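What you see below is based on every heavy atom in this structure, not just the backbone, and it leaves out hydrogens, waters and symmetry mates. The structure presented is a predicted model; accordingly, all values stated were derived computationally and were not measured.
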Amino acid sequence: AGSGSPWVLRGPLTAPWPQDWEQRQEEDTLLIERILLLVRNVLHIPPDPTEEQGVDGDASVHDRVLWALHISGMDDLLKFLASAQAEQQWALHVLEIISLMFRDQSPEELAALGQGQVAAEHGEDTRELETLRQRELAERRARALQRPSRHSRFGGSYVLQGLKAIGDRDVVFHKGLHNV
């Protein structure tokens, strides 16, 4: 496949998208489906060990196809199809294509790729939270020093209406209401 072939596929796919799915004609829908199936089938081709014997680190045919799809912008179009609410009819095709894009990768390798970034971000977040915590403690100390040291111990007196004490007087309560 030449480097221009994904551009050839992407062109007809992007042409119907300014229209809503209701305004698309039957030919446009069939064309989109056929192109998605073609991309799926190309990615589904099994690797040929005799052809892929090369220098270590050399890109396989599958990797070169993925790179060509990336350069053409087809991966962005697939992301759009996967996330657009109005394009749910293509979800299974897109899921198959994405699955085939990652077929040579193990989940452990993919998880390990993000771990370096995650650890760095975690360390940065921890430092930032510690800085914010120290700042908050300093503000609390400053506020505590600004308060007067004398505290009024008066909890208040309350009259409980409707509850009679000895005699005909209302009950007078000398504690906070939260203890009632």
Side-chain angles (χ1 to χ4, degrees), residues 1-140:
S3 63
S5 55
W7 285 103
V8 173
L9 296 177
R10 186 176 185 269
L13 272 179
T14 55
W17 257 277
Q19 305 170 357
D20 287 337
W21 65 273
E22 299 153 339
Q23 296 173 346
R24 276 189 215 133
Q25 296 183 4
E26 183 68 25
E27 297 88 30
D28 294 333
T29 304
L30 287 173
L31 180 65
I32 292 168
E33 184 174 15
R34 288 177 183 152
I35 291 174
L36 290 174
L37 289 174
L38 177 64
V39 171
R40 182 201 64 187
N41 291 341
V42 167
L43 289 172
H44 199 271
I45 297 173
D48 185 12
T50 59
E51 186 162 322
E52 295 197 14
Q53 290 178 349
V55 182
D56 265 351
D58 194 20
S60 66
V61 174
H62 182 76
D63 292 339
R64 287 185 286 192
V65 169
L66 289 177
W67 183 249
L69 290 173
H70 172 67
I71 294 297
S72 71
M74 188 74 139
D75 58 341
D76 294 330
L77 193 57
L78 289 171
K79 286 188 273 187
F80 168 74
L81 285 174
S83 62
Q85 191 72 17
E87 307 300 335
Q88 285 185 348
Q89 63 184 355
W90 312 116
L92 289 178
H93 292 301
V94 172
L95 182 64
E96 279 184 297
I97 291 170
I98 292 173
S99 172
L100 290 169
M101 291 171 110
F102 290 114
R103 78 165 182 215
D104 292 340
Q105 308 295 324
S106 70
E108 292 82 15
E109 289 175 349
L110 292 174
L113 286 175
Q115 290 301 322
Q117 294 173 346
V118 170
E121 289 175 6
H122 178 69
E124 183 179 320
D125 289 345
T126 303
R127 285 189 298 276
E128 186 177 330
L129 284 174
E130 185 61 31
T131 304
L132 290 172
R133 185 175 159 273
Q134 293 297 332
R135 187 181 314 152
E136 184 177 331
L137 287 174
E139 288 175 4
R140 281 187 189 173

Q.
So F80 and D76, do their side chains get closer than 4.5 Å, heavy atoms only?
A. no

Q: Assess whether salt bridge (charged side-chain N to carboxylate O under 4.0 Å, His left out) is satisfied between R127 and E124, documenting all intermediate values.
A: CA-CA 5 Å; R127 285 189 298 276; E124 183 179 320; 5.1 Å; no

Q: Can you sort out the partners of H70 under ring pair (Phe, Tyr, Trp, His ring centres under 6.0 Å), two or more places apart, ordered by chain and number?
A: W67

Q) At their closest point, which heavy atom of H62 faces which heavy atom of M101, and how far apart are they? A) NE2-O, 3.5 Å

Q) In chain order, what residues pass the side chain to side chain contact (heavy atoms under 4.5 Å, CB included) check against E136, with sequence neighbours excluded? A) R140

Q. How about V42 and L100: do any of their side-chain heavy atoms sit closer than 4.5 Å?
A. no

Q: Find the distance between OG (S99) and CZ (R40) and round it off to the nearest 0.5 Å.
A: 11.0 Å

Q | Reported CG-to-CZ distance for the pair N41 and R34, which is rounded to 0.5 angstrom | A | 13.0 Å

Q: Could you give me the CA-CA distance, side-chain angles and deciding distance for L69 and L43, then say whether side-chain contact (heavy atoms from CB on, under 4.5 Å) is met?
A: CA-CA 10 Å; L69 290 173; L43 289 172; 4.3 Å; yes

Q.
Please report the interatomic distance CG(L81) to CE(M74), rounded to the nearest 0.5 Å.
A. 8.5 Å

Q | Distance in Å, L77 CG paired with W90 CH2, rounded so as to fall on 0.5 Å steps | A | 11.5 Å

Q. In Å, rounded to the nearest 0.5 Å, how long is the span from CD of E26 to CG of D28?
A. 9.5 Å

(Q) If you count heavy atoms of other groups shown closer than 6.0 angstrom to CG of L92, is the number above 12? (A) no

Q.
Using the side-chain contact (heavy atoms from CB on, under 4.5 Å) definition, which of the options T29, L37, L36 pairs with E33?
A. L37

Q: Nearest 0.5 Å please: distance from the CG atom of L30 over to the CD1 atom of I35.
A: 11.0 Å

(Q) Can you confirm whether T126 sits close enough to H122 that some side-chain heavy atom of one is under 4.5 Å from a side-chain heavy atom of the other? (A) yes

(Q) If I compare all heavy atoms of V94 with all of L78, which pair ends up nearest, and what's the gap? (A) CG1-O, 3.6 Å

